[in-house]
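Index from 1, following the sequence. Only heavy atoms go into these numbers, but all of them, side chains included; no hydrogens, no water, no symmetry mates.
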Amino acid sequence: ARVNLLADNYSDTLTRLVWNVSYDLVPEVLSGLSAVTEVDYALLALEDGTRVFQFGNEETAESSGHITVTRDLLWSQLGQDMFLGTLTIRVSTESIARLRQDQISERLVSLGLLFLTLLIVLYWLIHRLTGPLTEISRSIEALSQGDINVAIPYQSQQDEVGTLARALQIFRENTVELDLLRHSLEEQVALQTRELSVAKDAAEAGNTAKSHFLSTMSHELRTPLTSLTGSLKMLLQGGDAIPDDQRLTLLELANRNGERLLNLVNDILDLQKIESGKMTYDFSWLDPLELVEGSVESMAGFAARYESSLVLDNRLEDRYRVKADPQRLSQVLLNLMSNAIKFSPPKSRIHVQVEAQKTSVTISVIDQGPGIPEEFRPQVFQRFSQSSTGNSRRTGGTGLGLAIVQEIVKAHQGEINFEFLPPERHPEGGSGTCFWVRLKREPHSGGG
């Protein structure tokens, strides 16, 4: 095909030259054939056999290694073809094969370069698309493992990747909110569980206290009532037959048990007022020393009944005032002195001390009793708590006094506590328990 194409192209041009007898241009035209490497031989011969142009070896025999093409130079004139000569071209098949191989190689190289270019472009496109997706995938994996602080890239891009990144950011924010809500709910559940547990314990404690209260009250009421009614029944049945000294003893017994019942009822009423918040106080500025002196005088007869005495130790260097309810504060002092007298042996001297500190006044009641057992001390101010050690039961008691005293002192914004005094600190050189009440005093004082 290539040789025929060469022969056709050159035969047309050479026909015009021969017809116009332009033989001097023929070599110039045919010299182009010599530039074609695969052409081994070319010959232009006229009608009369004259050779106008020739190159190559004429003796090269036509064989399977060569292709020879001949074209007649025909010029059409008035419908007739005029024979002007012939063009003979001989081409080496080896040269054509080599040319074809070169063309194939060039095409393969071009295809290779094109394929490589496509690979590079494809890799760039894939990397451009999969790079952001890979980073977003890492962010998703971190979120799935609980890392809510992971950064979400590519949120500013205005494409599908940016849309995905912004959606993931919204998901992370929702995850944070859900996590906070979950923690809040867990804390609320834990708090409510603790509150329910406390309420359950309080209910159980209330039931226990109720049972204890009913048991204690039934015992505390029955004992004085039995003694009171027994004494009155003996007086009613015996009449004048009962000697005067025995009648007096029965009347004293009935009186003591009546007082005991009255104290019990008063304690219960005070406790009910405290629990319901209805305990009233009439606060005023008063002289604590005067209040202590009056309380000591009122308890002198009670102390004499137990063959004991009260001693007032005034350690104040000036006159001070405290803001208190005189009736309630007197109730506190009378209770502490009553306990000190009852828990001290006969012939004891109960000391009531009054002393001042920088901003307060302390009133102490010191007995000569055996002291409070170590295991009972945490229960001293609890309701219905009474120690069974020593002579604590010789005059009875409800176990409510110190609980009420503590509430009254708290209402005065004061402090109450106790300690055991060894001989070196005890006023009588022995040992005993000291209950003290500390109240805030007026910032300034004046002589009196």
Side-chain angles (χ1 to χ4, degrees), residues 198-199 201-217 220-221 259-286 288 291-292 294-295 298-299 302 321-343 352 354 357 359-367 372 376-387 392 395-419 433-441:
V198 171
D201 294 341
E204 293 177 351
N207 290 331
T208 303
K210 178 182 177 182
S211 300
H212 182 66
F213 175 80
L214 293 175
S215 174
T216 303
M217 284 299 98
E220 294 295 339
L221 288 171
E259 290 178 352
R260 183 175 176 185
L261 282 173
L262 180 60
N263 291 332
L264 176 60
V265 172
N266 288 334
D267 286 346
I268 293 174
L269 291 176
D270 286 343
L271 185 61
Q272 190 274 333
K273 289 179 181 178
I274 290 172
E275 288 183 342
S276 62
K278 296 181 179 180
M279 178 73 85
T280 58
Y281 296 91
D282 185 13
F283 291 102
S284 62
W285 289 102
L286 55 85
L291 185 67
V292 172
S295 299
S298 65
M299 289 297 293
F302 184 80
R321 295 198 307 170
V322 296
K323 193 172 186 180
D325 182 329
Q327 181 181 352
R328 295 302 178 188
L329 187 55
S330 177
Q331 180 180 351
V332 170
L333 298 178
L334 293 177
N335 183 280
L336 295 179
M337 287 187 281
S338 173
N339 287 343
I341 292 169
K342 290 187 293 183
F343 284 90
V352 182
V354 186
Q357 289 79 37
T359 59
S360 60
V361 172
T362 302
I363 304 171
S364 303
V365 179
I366 305 171
D367 65 27
I372 301 173
F376 182 73
R377 293 179 184 179
Q379 308 172 33
V380 167
F381 292 103
Q382 293 181 7
R383 299 168 186 176
F384 305 111
S385 296
Q386 287 181 303
S387 172
S392 63
T395 58
T398 64
L400 295 175
L402 288 177
I404 296 173
V405 163
Q406 186 183 50
E407 294 298 330
I408 294 175
V409 174
K410 286 182 179 178
H412 283 71
Q413 297 183 351
E415 298 178 70
I416 182 171
N417 213 328
F418 65 92
E419 60 179 329
T433 302
C434 171
F435 276 83
W436 53 264
V437 176
R438 183 170 294 131
L439 302 173
K440 293 181 180 178
R441 65 178 176 86

- [ ] Could you pull out the closest heavy-atom pair between Arg321 and Pro288, with the gap in Å?
- [x] CA-CD, 4.1 Å

Open item on the list: Set out, in order, the CA-CA distance, both residues' side-chain angles and the distance that settles side-chain contact (heavy atoms from CB on, under 4.5 Å) for Phe302 and Lys342, then state yes or no.
Closed with: CA-CA 9 Å; Phe302 184 80; Lys342 290 187 293 183; 4.0 Å; yes

Task: Where Ser295 and Leu333 come nearest, the two heavy atoms and their spacing - done: OG-CD1, 3.9 Å

Task: Approximate separation, where rounding is to 0.5 Å, of Gln327 CD and Leu291 CG - done: 11.0 Å

Task: Atom of Met279, atom of Asp270 and distance for their closest heavy-atom approach - done: CE-O, 3.6 Å

TODO: Rounded to the nearest 0.5 Å, what's the gap from CZ on Phe283 to CG on Leu329? Could you check?
DONE: 10.0 Å

Task: Candidate list Leu402, Ile274, Ile416, Val332, test side-chain contact (heavy atoms from CB on, under 4.5 Å), partner Glu407, passing option - done: Ile274

Task: Atom of Asp325, atom of Asp282 and distance for their closest heavy-atom approach - done: OD2-N, 2.7 Å

Open item on the list: With rounding to the nearest 0.5 angstrom, report the OG1 to CZ distance, Thr362 to Arg441.
Closed with: 10.5 Å

TODO: Could you check if a side-chain atom of Ser298 sits within less than 4.5 angstrom of a side-chain atom of Leu334, using non-hydrogen atoms only?
DONE: yes

Open item on the list: With heavy-atom distances below 4.5 Å as the criterion, would you say the side chains of Val437 and Leu336 are in contact?
Closed with: yes

Open item on the list: Please report the interatomic distance NZ(Lys440) to NE2(His412), rounded to the nearest 0.5 Å.
Closed with: 13.0 Å

Open item on the list: To the nearest 0.5 Å, what is the distance between CZ on Phe343 and OG on Ser338?
Closed with: 9.0 Å

- [ ] Indicate yes or no: at least one non-hydrogen side-chain atom of Gln331 is less than 4.5 angstrom from one of Ile404.
- [x] yes

Open item on the list: Does atom CD (Gln357) have a neighbourhood of more than 12 heavy atoms from anything else shown, all under 6.0 Å?
Closed with: yes

Task: Tyr281 and Ile408, any side-chain heavy atoms less than 4.5 Å apart - done: yes

Open item on the list: Could you measure the distance from the CG atom of Asp367 to the CZ atom of Phe435? Nearest 0.5 Å is fine.
Closed with: 8.0 Å

Task: Flag for Asn339-Asn335: side-chain donor and acceptor within less than 3.5 Å - done: yes

